[in-house]
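Remarks on the structure that follows.
Just so it is clear, the values below take in all heavy atoms, side chains as well, and ignore hydrogens, waters and symmetry mates. Numbered from 1 within each chain, the chains take letters A, B, ... in sequence-line order.
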Amino acid sequence: MNKIENDLVKSITDIILKKFEYQCDDGLVMIEIPKDNKNGDYSANIAMRLTKILRRRPQEIAQVIVEAIAENVDFVEKVEIAGPGFINFFIKKDELAACINTVFEMNDKYGENESGNKLPILVEYVSANPTGILHLGHARGAVWGDCICRLLNKSGYNCLREYYVNDAGNQINMLGESVLVRYKELFGIEGDIPEDGYAGEDIKNIAAIIKDKYGDKFLAMEKAEAVEFLKKAGKELELKQIEEDLEYFGCEFDSWVSEQWIVDEGRVEKAVAKMDEMGLIYEEDDALWFKSSEYGDDKNRVLKKSTGFYTYLTPDIANHIYKFERGYTKLVNLWGADHHGYIPRMKAAIEALGYGKDALEVDLIQMVRLVENGQEVKMSKRTGNAVTIRELVDDIGVDAARYFFVSKAVDVHLDFDLGLARSKTSDNPVFYAQYAHARMCSILRNYGKDVEKLPKYDLLTSEKEVDLLKYINEFVSVVADAAATRMPNKICNYIQKLAGYFHSFYGSNKIINPDDENLTKQRMALLLATKITLANALNLIGISAPEKM
RNA sequence: GUCUCCGUAGCUCAGUAGGAUAGAGCGUUCGCCUCCUAAGCGAAAGGUCAGCGGUUCGACUCCGCUCGGGGACGCCA
């Protein structure tokens, strides 16, 4: 919330306390920017919200508030009651323009806020198995998670970006076997990829790298021994590829936690022992079960199979314990929608272990369906024809690709029309915003002088100018809200709207006006403040703000 | 069958602490470059917010039911 809104809320609660003897919670007072600015610069619906509590008609409550505001709040130019009881505030124009100097002072830090209160929060995302190349489905989660972390950092959370590497299960054995098949092929020995194996091009590349490095040494080796080696080598090469692709896509991680490491450290055994100690475990049919149904899951889950191996769940529980041990009190996981059934059992484990029911929040990333020429393109690491992140980025660019994913809420299914993304690059909304930025830079270049910080901006009173000022003022609260709700798409909405206000301002006002030096200075200041805000917003979603287009 | 996500303009989607006349892009139809970037601006057309009921001053928004579409329901990972 910006200063004006804050002051309004405070004034209103004060008045309510004084006139109605009711201590009104700040959260009850909503200050909004009305859609139609005939209804003021800001409006409040508090009179209607209080009707029940105060047992008075909204008009009556509004009347009292309006009178007191008019008397006591000096930055309000006019205040009136409208419709069913809205209180509409018209703010003195130079008060609205005060944000320009705030933006200048904060510069690239404008938008920062302390709403997170330094809360230690660990965000786990992507976490794709190191058995294949990252494709479109992963791209959505990667960008979304990356943007969430950018928002959290901007909003004063203490955020850690983590990738959980599933490098211990059966799929890694299959990786080793698949590499072995491709490796042998390079020596003319034909074989079939196992049923659950991996047939992607990446496996061939790995086989080739291994052949270059080690020659034919695995041909004579015992199969089990060869697979043991190849799965490790394969995993490392796959991981390296994943890391490079993510970086290429503008997504970085602070921390990579290996499942194998969790196992090797004895953390799995420790977790099981602890759960046993707490009476959360029982034995049945030669397997070890977790009483997850006592904590909200619809049935109990196996921790250790009758074969003696752990299920996927068990090391992951140890993984989550490890997160808490490092001091993170809030955990956020971004999982694919197919993991939806997995959430209750992980939450059950966390609750059972005493970390609190709501310590873990899981945001599900709904499916991305790849469509081309009206037909669905199946994507699977195994069929080998998946469109990879790298291909996508080479095709349409990092900015457009990122924007496509981050602008749409993750809880809806996404049809990614590759043909459309390719052919309509210039229609992508990201260019609208980037063009606005480039336009502003161009005007700054044409101006040729430094933009001055002025003590007063009293000439910025036209409708377009006021729209811009109010919206620049909103940025901080938009960032805080987007962080709290973990919805970076709200930043996209902000960007589109801010760019729209600018383009509209540009269309109706000559910014550099040789006949009026004072007005030009003020408009240039507004322009620079807009540019800084837009650049900061673009940066929050990892999209470049070009100086020229 | 159970759980879950979704249903808003011809298409792709915003709008979710309940608020004033439901928004944007693409597409369609008109205007606007002797002037700071026309990748832009202005205007028009386009809607039973899937349907029915409930909660209340007020519902696209919250609750229930129905219909329609996606996904998940393993001693896989």
Side-chain angles (χ1 to χ4, degrees), chain A residues 27-28 30 32 34-36 38-39 43-45 48-49 51-52 57-59 82-86 88 129 131 166 168-172 174 196 259 284-289 298-299 301-313 315-316 336-344 364 366-367 369 404 407-415 417 420 424-436 438-448 464 481 484-485 487 489-490 492-493 496-497 499-500 502-514 520 523-524 527 548-549:
Chain A
L28 203 61
M30 286 173 66
E32 292 181 321
K35 278 181 219 131
D36 187 339
K38 281 191 199 75
N39 291 324
S43 81
N45 60 2
M48 290 174 289
R49 298 191 130 205
T51 43
K52 255 199 200 131
R57 298 203 341 269
Q59 308 277 349
F86 288 102
N88 295 340
N129 292 349
T131 52
N166 298 130
N170 186 50
Q171 80 282 0
I172 290 293
M174 298 319 292
D196 294 323
E259 181 183 355
E284 192 178 294
D285 301 333
D286 298 325
L288 219 53
W289 295 73
D298 24 302
K299 55 191 252 193
R301 305 292 170 178
V302 171
L303 291 179
K304 197 177 199 173
K305 298 181 261 185
S306 51
T307 56
F309 290 104
Y310 289 111
T311 60
Y312 177 76
L313 175 65
D316 206 12
D338 55 339
H339 282 63
H340 134 71
Y342 187 72
I343 299 172
L364 289 180
Q366 288 294 334
M367 279 206 359
R369 214 167 37 164
F404 193 91
S407 61
K408 282 163 182 127
V410 272
D411 54 7
V412 297
H413 303 267
L414 182 63
D415 277 347
D417 190 325
L420 193 75
K424 295 210 166 191
T425 12
S426 61
D427 293 332
N428 192 309
V430 70
F431 292 104
Y432 180 77
Q434 290 185 318
Y435 179 59
R439 245 185 175 179
M440 288 187 251
C441 292
S442 169
I443 297 167
L444 286 162
R445 280 192 298 271
N446 282 327
Y447 185 52
K464 308 285 184 194
D481 179 51
T485 54
M487 291 178 73
N489 56 323
K490 289 184 175 175
C492 294
N493 296 341
Q496 288 307 308
K497 215 163 155 188
F502 165 70
H503 283 309
S504 178
F505 165 60
Y506 176 92
S508 60
N509 292 287
K510 188 92 173 100
I511 297 166
I512 300 174
N513 182 345
T520 300
R523 285 187 172 158
M524 286 307 294
L527 178 103
K548 267 184 188 171
M549 280 176 83

Nucleotide opposite B:G1 in a Watson-Crick or G-U pair, distances under 3.5 Å: B:C73
Categorize A:Asn88 for me: base, sugar-phosphate, or nothing, with a 4.0 angstrom heavy-atom threshold over every strand shown. base
Classify A:Ser442 by what it touches in the nucleic acid, base, sugar-phosphate, or nothing, heavy-atom distance under 4.0 Å. base
Atom NE2 of A:His503 to atom P of B:C36: distance rounded to whole Å? 16 Å
Rounded to the Å, how far apart are A:Lys497 NZ and B:G23 C1'? 9 Å
Distance test, side-chain N/O of A:Ser508 to OP1/OP2 of B:C41, below 4.0 Å: no
Tell me whether the side-chain N/O atoms of A:Lys305 come closer than 4.0 Å to OP1 or OP2 in B:A77. yes
Give one of base, sugar-phosphate or nothing for A:Asp285, where a contact means two heavy atoms less than 4.0 Å apart. base
Atom CD1 of A:Ile443 and atom C1' of B:G40: how far apart are they, to the nearest Å? 11 Å
Who pairs with B:C32 - Watson-Crick or G-U, where each distance is under 3.5 Å: B:G40
Give one of base, sugar-phosphate or nothing for A:Gly85, where a contact means two heavy atoms less than 4.0 Å apart. nothing
Got a donor-acceptor pair under 3.5 Å from the side chain of A:Ser43 to the base of B:A20? yes
Across the strands shown, which category fits A:Ala436 at heavy-atom distances under 4.0 angstrom: base, sugar-phosphate, nothing? nothing
Donor-acceptor pair under 3.5 Å, A:Ser306 side chain vs B:C75 base: yes
d(OH, A:Tyr435; P, B:U37) in whole Å: 8 Å
At 4.0 Å (heavy atoms only), tell me whether A:Asn39 reaches a base, stays on the sugar-phosphate, or touches nothing. base
Can you check nucleotides 31-35 of chain B for protein contacts, nitrogen or oxygen pairs under 3.5 Å, and list what you find?
| unit_1 | atom_1 | unit_2 | atom_2 | d |
| --- | --- | --- | --- | --- |
| B:C35 | O2' | A:Lys510 | NZ | 3.1 |

Please state the P separation for the pair B:G7 and B:C13 - nearest whole angstrom. 10 Å
Tell me what A:Phe309 touches on the nucleic acid: a base, only sugar-phosphate, or nothing, going by heavy atoms under 4.0 Å. nothing
So which protein nitrogen or oxygen atoms get under 3.5 Å of nucleotides 71-74 of chain B's nitrogens or oxygens?
| unit_1 | atom_1 | unit_2 | atom_2 | d |
| --- | --- | --- | --- | --- |
| B:G71 | N2 | A:His340 | NE2 | 3.1 |

Using a cut-off of less than 4.0 Å, is there contact between a side-chain N or O of A:Arg49 and OP1 or OP2 of B:G18? yes
Counting any heavy atom closer than 4.0 Å, what does A:Asn509 reach on the DNA or RNA strands: base, sugar-phosphate only, or nothing? base
Taking for each residue the nucleotide of RNA chain B with the nearest heavy atom, is it A:Gly500 or A:Val302 whose nucleotide lies nearer the 5' end? A:Gly500
For the residue pair A:His339 and A:Tyr312, does the interplanar ring angle fall in the parallel (under 30°), tilted (30 to 60°) or perpendicular (over 60°) class? perpendicular
Using atom NZ of A:Lys548 as one end and atom C1' of B:C36 as the other, report the distance to the nearest whole Å. 15 Å
For B:C49, the Watson-Crick or wobble partner whose two distances fall under 3.5 Å: none
Backbone N or O of A:Val302 within a donor-acceptor pair of the A:Thr311 side chain at under 3.5 Å? yes
What's A:Gly83 touching, base or sugar-phosphate or nothing? Going by heavy atoms closer than 4.0 Å. nothing
Counting only side-chain N and O atoms of A:Tyr432, is one of them less than 4.0 Å from OP1 or OP2 of B:C41? yes
What is the pairing partner of B:C62, taking Watson-Crick or G-U wobble pairs with both distances under 3.5 Å in any strand? B:G54
Okay, side chain of A:Glu259, backbone of A:Pro315: is any donor-acceptor separation there less than 3.5 Å? no
Side chains of A:Asp411 and A:Leu364: closer than 4.5 Å at any heavy-atom pair? no
Starting at atom CZ of A:Phe404, determine the distance to atom C1' of B:G25, rounded to an integer number of angstrom. 12 Å
Residues A:Met48 and A:Pro58: closest non-hydrogen pair is CG-CB, 4.0 Å
A:Arg57 CZ - B:C57 P separation (whole Å): 14 Å
Spacing of the C1' atoms in B:A9 and B:C3 (rounded, Å): 33 Å
Whom does B:A24 pair with, Watson-Crick or G-U wobble, provided both distances fall under 3.5 Å? B:U12
Between B:U16 atom P and A:Asn489 atom CG, what is the distance in whole Å? 11 Å
Please give the distance between the C1' atoms of B:C62 and B:U29 as a whole number of Å. 41 Å
Residue whose closest nucleotide on RNA chain B lies nearer the 5' end, A:Ala287 versus A:Lys38: A:Lys38
